[in-house]
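Since the structure comes first, as C-alpha coordinates, the remarks are kept for the end.
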Amino acid sequence: MANYRAELVGVFGYPVDENPTVIMQEAAFRAAGLNWRYLTIKVPPEALADAVTGLKAFGMRGINLTIPHKRAIIPFLDQLTPAAELIGAVNTVVNKDGKLLGENTDGKGFIMGLRQDAKLDPAGRSAVVLGAGGAARAIAVELALAGAKRIIVVNRTPERGQELVGLLNKRTKATAEYVPWQKPYSVPAGIDTLVNATSIGLFPNVNDVPKVDMVSIRKGLLVCDVIPNPPVTAFMKAAGKRGATVMSGLPMLVYQGAIGFKLWTGVEAPVAAMRQALEKEFANG
Ligand code: NDP
(Lines give C-alpha, C1' and ligand atoms only; values in the text may rest on other atoms or scores of the structure.)
Protein backbone atom coordinates (compact mmCIF):
# COMPACT_ATOMS: atom_id res chain seq x y z
CA MET A 1 0.00 0.00 0.00
CA ALA A 2 1.27 3.49 -0.80
CA ASN A 3 2.38 5.74 2.04
CA TYR A 4 2.72 9.40 1.07
CA ARG A 5 3.29 10.58 4.65
CA ALA A 6 6.81 11.72 5.49
CA GLU A 7 8.26 11.60 9.01
CA LEU A 8 9.09 15.09 10.25
CA VAL A 9 12.01 16.56 12.19
CA GLY A 10 13.54 20.03 12.09
CA VAL A 11 14.93 22.94 14.03
CA PHE A 12 13.34 25.71 16.12
CA GLY A 13 15.36 28.92 16.22
CA TYR A 14 15.16 32.71 16.09
CA PRO A 15 16.87 33.79 13.91
CA VAL A 16 17.15 30.53 12.00
CA ASP A 17 17.11 31.31 8.24
CA GLU A 18 20.87 30.82 7.84
CA ASN A 19 21.07 27.54 9.78
CA PRO A 20 22.57 25.00 7.31
CA THR A 21 21.50 21.81 9.11
CA VAL A 22 18.69 21.10 6.64
CA ILE A 23 21.27 20.59 3.87
CA MET A 24 23.08 17.94 5.89
CA GLN A 25 20.04 16.09 7.26
CA GLU A 26 18.11 16.02 3.96
CA ALA A 27 21.24 14.63 2.25
CA ALA A 28 21.36 11.97 4.96
CA PHE A 29 17.70 11.01 4.47
CA ARG A 30 18.26 10.69 0.71
CA ALA A 31 21.41 8.61 1.18
CA ALA A 32 19.63 6.31 3.67
CA GLY A 33 16.50 6.05 1.48
CA LEU A 34 14.23 7.46 4.20
CA ASN A 35 11.06 9.46 3.50
CA TRP A 36 11.84 12.03 6.19
CA ARG A 37 11.84 15.84 6.02
CA TYR A 38 13.86 18.38 8.01
CA LEU A 39 12.05 21.70 8.46
CA THR A 40 13.77 24.97 9.37
CA ILE A 41 11.17 26.69 11.58
CA LYS A 42 11.27 30.27 12.86
CA VAL A 43 9.98 30.24 16.44
CA PRO A 44 10.14 33.51 18.44
CA PRO A 45 10.85 33.05 22.16
CA GLU A 46 7.24 33.69 23.23
CA ALA A 47 5.95 31.02 20.81
CA LEU A 48 8.08 28.12 22.07
CA ALA A 49 5.27 26.56 24.16
CA ASP A 50 2.91 26.59 21.16
CA ALA A 51 5.65 25.22 18.93
CA VAL A 52 6.13 22.25 21.30
CA THR A 53 2.36 21.62 21.26
CA GLY A 54 2.53 21.73 17.45
CA LEU A 55 5.47 19.34 17.39
CA LYS A 56 3.44 16.84 19.43
CA ALA A 57 0.25 17.40 17.38
CA PHE A 58 2.15 16.76 14.12
CA GLY A 59 3.78 13.68 15.61
CA MET A 60 7.19 15.12 14.69
CA ARG A 61 9.91 12.58 15.51
CA GLY A 62 12.19 15.17 17.02
CA ILE A 63 13.60 18.66 16.83
CA ASN A 64 16.88 20.55 17.04
CA LEU A 65 17.08 23.71 19.13
CA THR A 66 19.25 26.68 18.40
CA ILE A 67 19.45 30.27 19.65
CA PRO A 68 17.54 31.22 21.88
CA HIS A 69 15.82 27.94 22.78
CA LYS A 70 18.59 25.60 24.00
CA ARG A 71 17.90 26.30 27.69
CA ALA A 72 14.29 27.46 27.36
CA ILE A 73 13.16 24.08 25.98
CA ILE A 74 14.10 22.20 29.17
CA PRO A 75 10.84 22.77 31.16
CA PHE A 76 8.89 21.22 28.26
CA LEU A 77 10.86 17.95 28.29
CA ASP A 78 10.04 14.70 30.10
CA GLN A 79 13.64 13.55 30.47
CA LEU A 80 17.22 14.73 29.97
CA THR A 81 20.32 12.67 29.31
CA PRO A 82 22.95 13.03 32.07
CA ALA A 83 25.20 15.10 29.75
CA ALA A 84 22.37 17.47 28.76
CA GLU A 85 21.53 17.90 32.46
CA LEU A 86 25.18 18.73 33.27
CA ILE A 87 25.57 21.12 30.33
CA GLY A 88 22.20 22.71 31.14
CA ALA A 89 21.24 22.99 27.46
CA VAL A 90 19.57 20.80 24.85
CA ASN A 91 20.15 20.91 21.09
CA THR A 92 18.33 17.68 20.15
CA VAL A 93 14.93 16.38 21.27
CA VAL A 94 13.61 12.91 20.48
CA ASN A 95 9.84 12.37 20.52
CA LYS A 96 9.26 8.82 21.76
CA ASP A 97 5.49 8.22 21.56
CA GLY A 98 4.70 11.67 22.93
CA LYS A 99 7.45 11.69 25.58
CA LEU A 100 10.20 14.21 24.88
CA LEU A 101 13.84 13.29 25.64
CA GLY A 102 16.48 16.04 25.60
CA GLU A 103 20.10 15.45 24.58
CA ASN A 104 23.03 17.72 23.77
CA THR A 105 25.05 16.39 20.83
CA ASP A 106 27.38 19.41 20.33
CA GLY A 107 30.15 18.28 22.67
CA LYS A 108 29.74 14.63 21.67
CA GLY A 109 30.15 15.69 18.03
CA PHE A 110 33.35 17.51 18.96
CA ILE A 111 34.72 14.42 20.75
CA MET A 112 33.90 12.22 17.74
CA GLY A 113 35.84 14.70 15.57
CA LEU A 114 38.82 14.45 17.94
CA ARG A 115 38.75 10.66 17.89
CA GLN A 116 37.95 10.01 14.24
CA ASP A 117 39.46 12.94 12.33
CA ALA A 118 42.33 14.07 14.58
CA LYS A 119 42.96 10.54 15.94
CA LEU A 120 43.22 11.90 19.48
CA ASP A 121 41.61 10.19 22.46
CA PRO A 122 40.99 12.85 25.14
CA ALA A 123 41.27 10.33 28.02
CA GLY A 124 44.14 11.33 30.31
CA ARG A 125 44.87 14.46 28.22
CA SER A 126 44.94 18.18 28.99
CA ALA A 127 42.98 20.80 27.09
CA VAL A 128 42.49 24.56 26.97
CA VAL A 129 39.01 25.78 26.05
CA LEU A 130 38.74 29.41 24.94
CA GLY A 131 35.23 30.63 25.81
CA ALA A 132 32.55 29.61 28.29
CA GLY A 133 29.36 29.99 26.22
CA GLY A 134 27.08 27.23 24.99
CA ALA A 135 29.56 25.50 22.67
CA ALA A 136 32.40 25.77 25.23
CA ARG A 137 30.24 24.29 28.01
CA ALA A 138 29.23 21.34 25.85
CA ILE A 139 32.82 20.71 24.76
CA ALA A 140 34.33 21.08 28.24
CA VAL A 141 31.75 18.79 29.86
CA GLU A 142 32.17 16.09 27.19
CA LEU A 143 35.98 16.34 27.39
CA ALA A 144 35.65 15.73 31.15
CA LEU A 145 33.21 12.84 30.67
CA ALA A 146 35.60 11.35 28.08
CA GLY A 147 38.32 11.24 30.76
CA ALA A 148 40.35 14.41 30.13
CA LYS A 149 42.40 14.98 33.29
CA ARG A 150 42.96 18.75 33.11
CA ILE A 151 40.81 21.46 31.53
CA ILE A 152 41.71 25.15 31.53
CA VAL A 153 38.84 27.52 30.72
CA VAL A 154 39.90 30.94 29.42
CA ASN A 155 37.05 33.45 29.20
CA ARG A 156 36.56 37.20 28.97
CA THR A 157 33.66 37.34 31.42
CA PRO A 158 34.86 35.89 34.76
CA GLU A 159 31.43 34.78 36.04
CA ARG A 160 30.76 32.49 33.07
CA GLY A 161 34.28 31.01 33.17
CA GLN A 162 34.21 30.45 36.92
CA GLU A 163 30.75 28.89 36.78
CA LEU A 164 31.86 26.37 34.15
CA VAL A 165 35.03 25.50 36.08
CA GLY A 166 32.98 25.07 39.28
CA LEU A 167 30.65 22.68 37.47
CA LEU A 168 33.54 20.62 36.05
CA ASN A 169 35.29 20.35 39.42
CA LYS A 170 32.10 19.51 41.32
CA ARG A 171 30.39 17.14 38.90
CA THR A 172 33.20 15.45 36.89
CA LYS A 173 36.55 13.81 37.61
CA ALA A 174 38.54 16.39 35.62
CA THR A 175 40.63 19.07 37.32
CA ALA A 176 39.55 22.42 35.95
CA GLU A 177 40.90 25.94 36.38
CA TYR A 178 39.74 29.36 35.22
CA VAL A 179 42.10 31.86 33.63
CA PRO A 180 40.92 35.46 33.04
CA TRP A 181 41.45 36.62 29.46
CA GLN A 182 42.91 40.12 29.65
CA LYS A 183 46.10 39.69 27.64
CA PRO A 184 47.10 37.26 24.87
CA TYR A 185 46.82 33.79 26.40
CA SER A 186 50.02 31.74 26.48
CA VAL A 187 49.38 27.99 26.18
CA PRO A 188 51.29 26.23 28.97
CA ALA A 189 53.53 23.20 28.38
CA GLY A 190 51.77 19.85 28.75
CA ILE A 191 48.61 20.91 26.92
CA ASP A 192 47.56 18.59 24.08
CA THR A 193 44.53 20.41 22.68
CA LEU A 194 43.54 24.07 22.31
CA VAL A 195 39.94 24.79 21.32
CA ASN A 196 38.60 28.13 20.13
CA ALA A 197 35.01 27.74 21.37
CA THR A 198 34.24 31.46 21.08
CA SER A 199 32.44 33.13 18.20
CA ILE A 200 35.61 35.08 17.28
CA GLY A 201 36.24 34.62 13.54
CA LEU A 202 32.60 34.01 12.65
CA PHE A 203 31.30 35.58 9.42
CA PRO A 204 31.47 38.51 8.66
CA ASN A 205 34.46 39.07 11.00
CA VAL A 206 36.50 36.32 9.35
CA ASN A 207 39.87 38.04 9.93
CA ASP A 208 39.44 38.18 13.72
CA VAL A 209 41.49 35.71 15.77
CA PRO A 210 41.26 34.94 19.50
CA LYS A 211 43.97 36.64 21.55
CA VAL A 212 46.58 33.89 21.92
CA ASP A 213 50.35 34.29 22.19
CA MET A 214 51.21 32.51 18.92
CA VAL A 215 54.75 31.75 20.17
CA SER A 216 53.14 29.29 22.63
CA ILE A 217 51.58 27.38 19.70
CA ARG A 218 53.89 24.60 18.61
CA LYS A 219 54.23 21.35 16.75
CA GLY A 220 52.45 18.52 18.56
CA LEU A 221 49.56 20.73 19.72
CA LEU A 222 46.11 20.13 18.22
CA VAL A 223 44.35 23.45 17.60
CA CYS A 224 40.59 23.21 16.98
CA ASP A 225 38.09 25.83 15.93
CA VAL A 226 34.34 25.43 16.47
CA ILE A 227 33.57 27.63 13.47
CA PRO A 228 32.72 25.36 10.52
CA ASN A 229 32.59 28.10 7.87
CA PRO A 230 34.98 29.47 6.61
CA PRO A 231 36.43 25.91 6.44
CA VAL A 232 39.90 27.23 7.38
CA THR A 233 39.62 30.12 9.83
CA ALA A 234 42.30 32.82 10.23
CA PHE A 235 43.14 31.26 13.64
CA MET A 236 43.63 27.80 12.07
CA LYS A 237 45.88 29.34 9.39
CA ALA A 238 48.04 31.08 11.99
CA ALA A 239 48.28 27.93 14.15
CA GLY A 240 49.15 25.81 11.11
CA LYS A 241 51.99 28.20 10.29
CA ARG A 242 53.39 27.56 13.78
CA GLY A 243 53.46 23.80 13.05
CA ALA A 244 50.34 22.79 15.02
CA THR A 245 47.83 20.26 13.72
CA VAL A 246 44.47 21.93 13.05
CA MET A 247 40.82 20.84 12.97
CA SER A 248 37.86 23.00 11.92
CA GLY A 249 34.31 23.04 13.33
CA LEU A 250 33.05 20.98 10.39
CA PRO A 251 33.63 17.52 11.95
CA MET A 252 31.83 18.72 15.11
CA LEU A 253 28.89 19.96 13.04
CA VAL A 254 28.68 16.77 10.98
CA TYR A 255 29.03 14.36 13.90
CA GLN A 256 26.59 16.22 16.18
CA GLY A 257 24.08 15.90 13.33
CA ALA A 258 24.97 12.25 12.78
CA ILE A 259 24.29 11.48 16.45
CA GLY A 260 20.91 13.23 16.15
CA PHE A 261 20.10 11.33 12.94
CA LYS A 262 20.73 7.99 14.68
CA LEU A 263 18.68 9.02 17.75
CA TRP A 264 15.72 9.98 15.54
CA THR A 265 15.77 7.26 12.90
CA GLY A 266 17.51 4.37 14.63
CA VAL A 267 19.62 4.06 11.47
CA GLU A 268 23.41 4.52 11.33
CA ALA A 269 24.08 7.98 9.86
CA PRO A 270 25.56 8.25 6.33
CA VAL A 271 28.33 10.53 7.62
CA ALA A 272 30.20 10.88 4.30
CA ALA A 273 27.05 12.10 2.50
CA MET A 274 26.37 14.60 5.30
CA ARG A 275 29.89 16.00 5.22
CA GLN A 276 29.93 16.20 1.43
CA ALA A 277 26.63 18.11 1.36
CA LEU A 278 27.93 20.71 3.83
CA GLU A 279 31.31 21.06 2.13
CA LYS A 280 29.55 21.71 -1.17
CA GLU A 281 27.22 24.23 0.45
CA PHE A 282 30.07 26.11 2.20
CA ALA A 283 32.16 26.10 -1.01
CA ASN A 284 29.26 27.90 -2.72
CA GLY A 285 29.49 30.68 -0.09
P1 NDP B 1 27.74 32.01 23.08
O2 NDP B 1 27.20 33.35 22.76
O3 NDP B 1 27.01 31.13 24.05
O4 NDP B 1 29.25 32.15 23.63
C5 NDP B 1 30.19 32.96 22.97
C6 NDP B 1 31.55 32.85 23.66
O7 NDP B 1 32.50 33.62 22.90
C8 NDP B 1 31.58 33.41 25.07
O9 NDP B 1 32.48 32.68 25.84
C10 NDP B 1 32.10 34.85 24.84
O11 NDP B 1 32.75 35.37 25.97
C12 NDP B 1 33.11 34.59 23.75
N13 NDP B 1 33.39 35.79 22.96
C14 NDP B 1 32.64 36.31 21.95
N15 NDP B 1 33.24 37.41 21.44
C16 NDP B 1 34.41 37.59 22.14
C17 NDP B 1 35.46 38.53 22.09
N18 NDP B 1 35.46 39.52 21.20
N19 NDP B 1 36.51 38.38 22.94
C20 NDP B 1 36.54 37.36 23.83
N21 NDP B 1 35.55 36.44 23.94
C22 NDP B 1 34.51 36.54 23.12
O23 NDP B 1 27.89 31.28 21.68
P24 NDP B 1 27.97 29.70 21.38
O25 NDP B 1 28.81 29.06 22.41
O26 NDP B 1 26.60 29.18 21.14
O27 NDP B 1 28.73 29.69 19.97
C28 NDP B 1 30.12 29.94 19.90
C29 NDP B 1 30.63 29.53 18.53
O30 NDP B 1 30.48 28.12 18.38
C31 NDP B 1 29.88 30.16 17.36
O32 NDP B 1 30.83 30.59 16.42
C33 NDP B 1 29.06 29.02 16.80
O34 NDP B 1 28.88 29.15 15.40
C35 NDP B 1 29.95 27.83 17.10
N36 NDP B 1 29.24 26.55 17.19
C37 NDP B 1 29.68 25.54 16.38
C38 NDP B 1 29.07 24.31 16.43
C39 NDP B 1 29.55 23.22 15.52
O40 NDP B 1 28.87 22.18 15.46
N41 NDP B 1 30.67 23.37 14.84
C42 NDP B 1 27.94 24.03 17.35
C43 NDP B 1 27.59 25.15 18.19
C44 NDP B 1 28.22 26.37 18.09
P45 NDP B 1 31.94 36.12 27.14
O46 NDP B 1 31.40 35.05 28.04
O47 NDP B 1 32.97 36.97 27.79
O48 NDP B 1 30.85 36.93 26.47
Side-chain angles (χ1 to χ4, degrees), residues 11 13-16 18-25 64-73 84 87-92 103-114 116-118 128-142 151-165 167 178-185 194-212 224-236 246-261 269 271 274-275 278-279 281-282:
V11 56
Y14 191 84
V16 77
E18 290 176 12
N19 188 305
T21 307
V22 59
I23 299 292
M24 165 172 82
Q25 294 295 1
N64 283 141
L65 289 311
T66 188
I67 290 170
H69 302 311
K70 285 187 181 185
R71 282 178 183 270
I73 191 71
I87 297 163
V90 164
N91 75 338
T92 304
E103 169 63 295
N104 194 315
T105 67
D106 281 336
K108 289 187 171 71
F110 175 78
I111 301 287
M112 278 182 81
L114 275 190
Q116 300 198 16
D117 291 39
V128 170
V129 177
L130 304 174
R137 274 179 83 86
I139 288 171
V141 165
E142 295 291 354
I151 300 172
I152 301 174
V153 175
V154 182
N155 198 52
R156 179 181 59 179
T157 306
E159 293 74 26
R160 274 176 120 182
Q162 281 158 351
E163 205 265 329
L164 174 54
V165 161
L167 171 85
Y178 168 67
V179 175
W181 202 0
Q182 285 130 358
K183 54 180 181 16
Y185 178 71
L194 170 68
V195 190
N196 172 34
T198 72
S199 41
I200 301 168
L202 198 60
F203 184 84
N205 305 314
V206 293
N207 293 320
D208 289 1
V209 290
K211 283 195 206 89
V212 173
C224 309
D225 211 321
V226 288
I227 295 173
N229 190 26
V232 183
T233 61
F235 184 49
M236 287 167 62
V246 293
M247 183 170 84
S248 84
L250 188 73
M252 175 178 174
L253 183 60
V254 170
Y255 292 123
Q256 66 78 26
I259 297 165
F261 179 97
V271 174
M274 296 170 82
R275 183 185 295 241
L278 277 182
E279 278 171 351
E281 187 64 21
F282 293 159

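Atoms within each ligand, like the ligands themselves, are counted from 1 in listed order.
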>> Using side-chain hydrogen bond (donor to acceptor under 3.5 Å, both in side chains), reason through T233 and D225 one step at a time and then give a plain yes or no.
In response: CA-CA 8 Å; T233 61; D225 211 321; 2.8 Å; yes
> In terms of residue, atom name and distance, what is the protein heavy atom nearest to atom 5 (C) of ligand 1?
Replying inline: S199 OG, 4.0 Å
> Any idea which heavy atoms bring Y178 and P158 closest together, and the distance?
Replying inline: OH-CA, 3.2 Å
> When only distance counts, is T157 in polar contact with ligand 1, meaning an N/O pair under 3.5 Å?
Replying inline: yes
>> Any non-hydrogen side-chain atom of T198 less than 4.5 Å from a side-chain atom of W181?
In response: yes
> Hey, is ligand 1 close enough to R156 that some N/O pair sits below 3.5 Å?
Replying inline: yes
> Which of these passes side chain to side chain contact (heavy atoms under 4.5 Å, CB included) with L130: V212, I152, V195, V226?
Replying inline: V212
> Does even one non-hydrogen atom of G109 get within less than 4.0 Å of ligand 1?
Replying inline: no
>> I'd like to check whether N155 has a polar contact with ligand 1, where a contact means an N/O of the residue lying under 3.5 Å from an N/O of the ligand.
In response: yes
>> To check you understand the geometry: which heavy-atom pair defines the closest contact between G260 and T105, and what is its length?
In response: N-CG2, 4.3 Å
>> Can you name the atoms of ligand 1, numbered from 1 with element, that are less than 4.0 Å from a heavy atom of L202?
In response: 32 (O), 34 (O)
> For the atom pair CE (M274) and CZ (F261), what is the distance rounded to the nearest 0.5 Å?
Replying inline: 7.0 Å
> N/O of W181 under 3.5 Å from N/O of ligand 1, yes or no?
Replying inline: no
> Any salt bridge between E142 and R137, counting N to O under 4.0 Å?
Replying inline: no
>> Assess the residue pair H69 and T66 against the criterion (side chain to side chain contact (heavy atoms under 4.5 Å, CB included)); give the C-alpha distance rounded to whole Å, side-chain angles, the decisive distance to 0.1 Å, and a yes or no.
In response: CA-CA 6 Å; H69 302 311; T66 188; over 6 Å; no
>> Just to be sure I read this right, does ligand 1 sit under 4.0 Å from the backbone of D208, its side chain, both, or neither, counting only heavy atoms?
In response: neither
> Looking at G131, which atoms of ligand 1 are within less than 4.0 Å of one of its heavy atoms?
Replying inline: 9 (O)
> Between N155 and T157, is any side-chain donor less than 3.5 angstrom from a side-chain acceptor?
Replying inline: no
>> Looking only at protein heavy atoms, which one is nearest to atom 4 (O) of ligand 1, and what is the separation?
In response: G133 CA, 3.4 Å
>> Could you tell me, atom by atom, which parts of ligand 1 come under 4.0 Å of a heavy atom of I227?
In response: 32 (O)
>> How far is atom 29 (C) of ligand 1 from the closest protein heavy atom, and which atom is that?
In response: T198 O, 3.6 Å
> Which atoms of ligand 1 have any heavy atom of R160 under 4.0 Å away?
Replying inline: 3 (O), 8 (C), 45 (P), 46 (O), 48 (O)
>> Is any side-chain heavy atom of L65 closer than 4.5 Å to one of R71?
In response: no
> So which protein heavy atom does atom 43 (C) of ligand 1 come closest to, and at what separation?
Replying inline: D106 OD2, 4.0 Å
> Looking only at side chains, do N91 and N64 share a donor and an acceptor under 3.5 Å apart?
Replying inline: no
> Numbering the atoms of ligand 1 from 1, which are under 4.0 Å from a heavy atom of A132?
Replying inline: 9 (O)
>> Counting non-hydrogen protein atoms only, what is the nearest one to atom 38 (C) of ligand 1? Give residue, atom name and distance.
In response: M252 CE, 3.8 Å
>> If you apply the rule side chain to side chain contact (heavy atoms under 4.5 Å, CB included), what do you find for E103 with K108, and how did you get there?
In response: CA-CA 10 Å; E103 169 63 295; K108 289 187 171 71; 3.3 Å; yes
> Do V226 and ligand 1 have an N or O pair less than 3.5 Å apart?
Replying inline: yes
> atom 3 (O) of ligand 1: which protein heavy atom is closest, and how many Å away?
Replying inline: G134 N, 3.0 Å
> Between V129, V254, L253, which one has a non-hydrogen atom sitting closest to atom 40 (O) of ligand 1?
Replying inline: L253
> Protein heavy-atom contact under 4.0 Å for atom 33 (C) of ligand 1?
Replying inline: no
>> Please check whether A135 reaches ligand 1 - meaning an N/O of the residue sits under 3.5 Å from an N/O of the ligand, judged on distance alone.
In response: yes
> Is the shortest N/O to N/O distance between A197 and ligand 1 below 3.5 Å?
Replying inline: no
>> Give me the atom names and distance for the closest heavy-atom approach of A234 to D208.
In response: CB-O, 4.4 Å
